[in-house]
Number of protein chains: 4
Amino acid sequence: MEDVHARAPAPGTVSLRSVGIVGIRKPLVVQRPDRVNSLAVTFRIGVDLPSARKGSDLSRNAEILAEIVDRSTERPAESLETVCSDIAQELLLRHPYASEATVEAEAEYFLRRGASASRRSFEDFTLLAEARAHRGTEGEISVARTVGAEAVGMTACPCAMESCRSELEAEFPRLREPEFARLPIVTHNQRNRTRLLFELAGGPGVEVDAVIDAIEAAQSGPTFAILKREDEARVVLDAHRRPKFVEDVLRDLLASLPARFPQVPDEAIVRASTVSEESIHKYNVEASHRVALAELRREASG
Amino acid sequence: MEDVHARAPAPGTVSLRSVGIVGIRKPLVVQRPDRVNSLAVTFRIGVDLPSARKGSDLSRNAEILAEIVDRSTERPAESLETVCSDIAQELLLRHPYASEATVEAEAEYFLRRGASASRRSFEDFTLLAEARAHRGTEGEISVARTVGAEAVGMTACPCAMESCRSELEAEFPRLREPEFARLPIVTHNQRNRTRLLFELAGGPGVEVDAVIDAIEAAQSGPTFAILKREDEARVVLDAHRRPKFVEDVLRDLLASLPARFPQVPDEAIVRASTVSEESIHKYNVEASHRVALAELRREASG
Amino acid sequence: MEDVHARAPAPGTVSLRSVGIVGIRKPLVVQRPDRVNSLAVTFRIGVDLPSARKGSDLSRNAEILAEIVDRSTERPAESLETVCSDIAQELLLRHPYASEATVEAEAEYFLRRGASASRRSFEDFTLLAEARAHRGTEGEISVARTVGAEAVGMTACPCAMESCRSELEAEFPRLREPEFARLPIVTHNQRNRTRLLFELAGGPGVEVDAVIDAIEAAQSGPTFAILKREDEARVVLDAHRRPKFVEDVLRDLLASLPARFPQVPDEAIVRASTVSEESIHKYNVEASHRVALAELRREASG
Amino acid sequence: MEDVHARAPAPGTVSLRSVGIVGIRKPLVVQRPDRVNSLAVTFRIGVDLPSARKGSDLSRNAEILAEIVDRSTERPAESLETVCSDIAQELLLRHPYASEATVEAEAEYFLRRGASASRRSFEDFTLLAEARAHRGTEGEISVARTVGAEAVGMTACPCAMESCRSELEAEFPRLREPEFARLPIVTHNQRNRTRLLFELAGGPGVEVDAVIDAIEAAQSGPTFAILKREDEARVVLDAHRRPKFVEDVLRDLLASLPARFPQVPDEAIVRASTVSEESIHKYNVEASHRVALAELRREASG
């Protein structure tokens, strides 16, 4: 039977930037240096569609995932971003009419973390990876990968802290004395989700555990499943000693990247976003930015 | 054509507790004493299905909503719960084979609220209503209505506050002095969603604004869209002066009901639930209870 | 420091039916006869709270999960429901004031399935498990477990099929002839999600793969990630040869259980629910039922 | 007290592309030619933050919404997109340090629609609007508005229809005869959500009812709450007479715009996206495109 997808559509038909499948879930086994990770991954994969073609045969997309991802249960993959890169290239191979293939992936990721060494348990994070494969005019294929993660921590608000201090100093005048200058003061605090992604044209990759560490260091503080009395107080007080707007979370995160990721090339583009689920409002506050690592290095050095 | 739904199914077919439609959205105009409210309501409506019948004709459900709810744009309804009650009764009329009809409704609801009189703006809440119509063996129909609301406020944790005080007293010994006994101490606080519903067999209804007031009074504090400096400090400090576990939010809410709702009959059943989106954990904490108002009155009186 | 949670609350305080944590995610490794499954599980765990106690110490809940679930990465667990049962019993141990402990768990589950043997790939399903531990007046603990699954398939509507046949016979009169009696006719079809759960007081458990098979057999047809031309036609035509209301899906599923699960005790309670995301409406249709397996066996036998 | 937000941050601090509030819900009353619409709107509003400033004072964002949106209950607004434009300009006024202000809004929208004139009832759609205000180097402010909508319809798959015809012709050879050439054949169909947005620099606006009409005409068919027997057959058969890939939905939609929106300027940018919730898969398929209306006019004319 004639392939419906390959037919030429009516004259005057436009090309389409993206056609694909979304929300397909697959198990992926990844071999890390010290352990094997089993991830349940949600994929979104698509290609562009030229005006000369009626449809993108989407069953090929599902087949590619079956081949590349399913086989990892027998032969573990190197990483989620490597798998995304392989899928993107395979998309261009199986859709010879396409010039752009896009892969987006998201997976839950567990790490043993704790407020103290004796209280570590699995905490959940989100692994993020993307790949874009481009077919040039000579047929050459280039791939850009994006790697990152999202972590849930907390933010404590600095301006509410100053307002509260003002109020409390009126009621408790001794608070003005130098001995209380460093007393952490009451403020509103809340759950914060922050994402950090590196768009890499090539070169060395990025360790997602390091991405998670960078995020947690930029928030007012991390979150933990188990917090017994003394740990809970320390986590809460530490967060109040580092009060941050969402603007600060993002800026501190970006400022920390040159030192934390010296191996990542200058051309890498950094995407960061953060959302705090404000305890005093029914809405959330957010901030986002996109900047070349080269610019962050310039800011850091002078 | 024969009605497929009315056919007798195969012998040995069981009855079904509920068959219906869910997620249908309709605009409802409600006439209150002082104003007209326009609500976008999400409905779930269904009936039971006896073993002798193959299917419930669900187009009748959609027709009932079109008649009862759509017409409110011309002739405003009395309240969301009255509309639910009318729908439940109409369901039994149009499904003569059924004995139980259930209606659940949820709508966004705006009230002007503010931290101070000059800073009031529309805050969003959720209106909840249910109705259950029962056809007795003599054909008599009885209707039970449920009315309630959900509000987003904040909770501040009392035990973390005590742990933090211990820690801070070690670093700032003067905090132990009587003059600081009432100083609000740092703790983790977070967004809290609390629901309160009254299951009423009959009798006077319940004002949803009063339900919202009861919820906000039981949380550590309410949330507001606009909080300028002095209001923000006051809201935060007030919440820290009323630290509560989710257990306390629920118990304070239930304990307040006899005084707040003297007109509601003893036989009314109260359902309450609360969820705090803990700022120090990646998970939430919750509490729920179901109790007759009569029992709450007994606890209140002695 | 005094345990805030253990304090006696104000007189007149009510007990609470449930207090706990929700939305906590943990990795669980399960040893099956033929393979090891890695599951990312979402848990909800709680206990009741007597009136004499101010709070439930929820850090114990997180500790229980860390001990029982986290350790499975070193020593795989027997099954998700066994783990839930262990957690429920441990909850009663660590909350000696409680009489009821409830555990609910949900995990993504992958099985290799395909429309044909050569086209199998991982399909995603949902594993469901619950456990309720009760402490009797003599201190004796009993546990009830619930096991089940959810699968996404499709339903094709029988009454729209009859209406369409009527219309088409008017335009194509030859369709009335006996030779076309078995021609599958156009109808609306859609995604359907169906859940089946067994509440077991004790006795042999239930294989979740068998639950998934039962669900897929009851829908008009299953869904697959990869469907090449001939498989796609067969899957679509098979579904149109088995058109079903949501009422039929549920009834066929329940009717199939005596033959499919002969080992499950009579006292087991079956919970089933189904939702079809109707392609001709903006809303969904649903059906649900709860019945003892004993009654299903009675209906099956005559 | 010193304004924390206005402080200069540490040297080397980067600017941020966007800081704002998200998920804030407000009631908006809009005066249309023939009626008044009450909308519950969800807003996202933010501005950029230069490196010289520590924070964006987000309480101003909430105040702007309170003033511009809340007042519509007394003085109805012209349209959702006008309101977004006013908010964007006011954002630049109240954040004098910012150069870019972005507003995104989404609201539920009800229209009386039906499969036949006697069966019309309220159907729910989504109104979409955006505004971007830019402050040029001379201080001049320009505003770009985006208007659009989303509608839920259905798609029927053309290639599965051909595969099914092949299979059925083998079993029912008479189907090959010319008299059955136009017989609608079985295929999988599903819920489809399609969005269409116009980015307008200025000039006449766009009627959202016309956007909804364009979307419904491009899908295989629309969806309705009430479908009695004969209407249901017609809606299903019509959809099967217009089978479309998501690629076709998007292309037909884009191709229809020159004729449907002659008043919209050439420079307008069109954004369209579509998602079909495939009944034969567990995942969805999607397509998206972005193109100048001028190019669509070129394609249409030759």
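Heavy atoms only: backbone and side chains are in, while hydrogens, waters and symmetry mates are out.
With a threshold of 4.5 angstrom between heavy atoms, C/R53 approaches chain B through N, CA, C or O but not through any side-chain atom. Only the side chain of C/R44 comes within less than 4.5 Å of a heavy atom in chain B; its backbone stays farther off. Both the backbone and the side chain of B/S15 come within contact range of chain C, each with at least one heavy atom under 4.5 Å from a heavy atom of that chain.
Counting heavy-atom pairs under 4.5 Å between each of B/A272, B/S18, B/S276 and chain C puts B/S18 at the top. Chain C forms the most heavy-atom pairs under 4.5 Å with one residue out of B/E299, B/R298, B/H289, B/R25, and that residue is B/H289. If you tally non-hydrogen atom pairs under 4.5 Å between each of C/L58, C/L254, C/L49, C/T42 and chain B, the highest count goes to C/L49. For the set C/D248, C/N284, C/V285, C/N61, the count of heavy-atom pairs under 4.5 angstrom toward chain B peaks at C/N284.
Considering all non-hydrogen atoms of both residues, B/R290 and C/R17 come closest at O-NE, 3.4 Å. Of all non-hydrogen atoms in B/F245 and C/G55, the two that sit nearest each other are CD1-CA, 4.4 Å. Of all heavy-atom pairs spanning C/A62 and B/Y283, the tightest one is CB-OH, 3.8 Å.
Judged by distance alone, with hydrogens and angles left aside, the side-chain atoms of B/E247 form a donor-acceptor pair with the main-chain N or O of C/S56 at under 3.5 Å. With C/R251 contributing its side chain and B/K54 its backbone, the two residues share a donor-acceptor pair below 3.5 Å.
Taken from NZ in B/K282 to CD1 in C/I24, the straight-line distance is 9.5 Å, to the nearest 0.5 Å.
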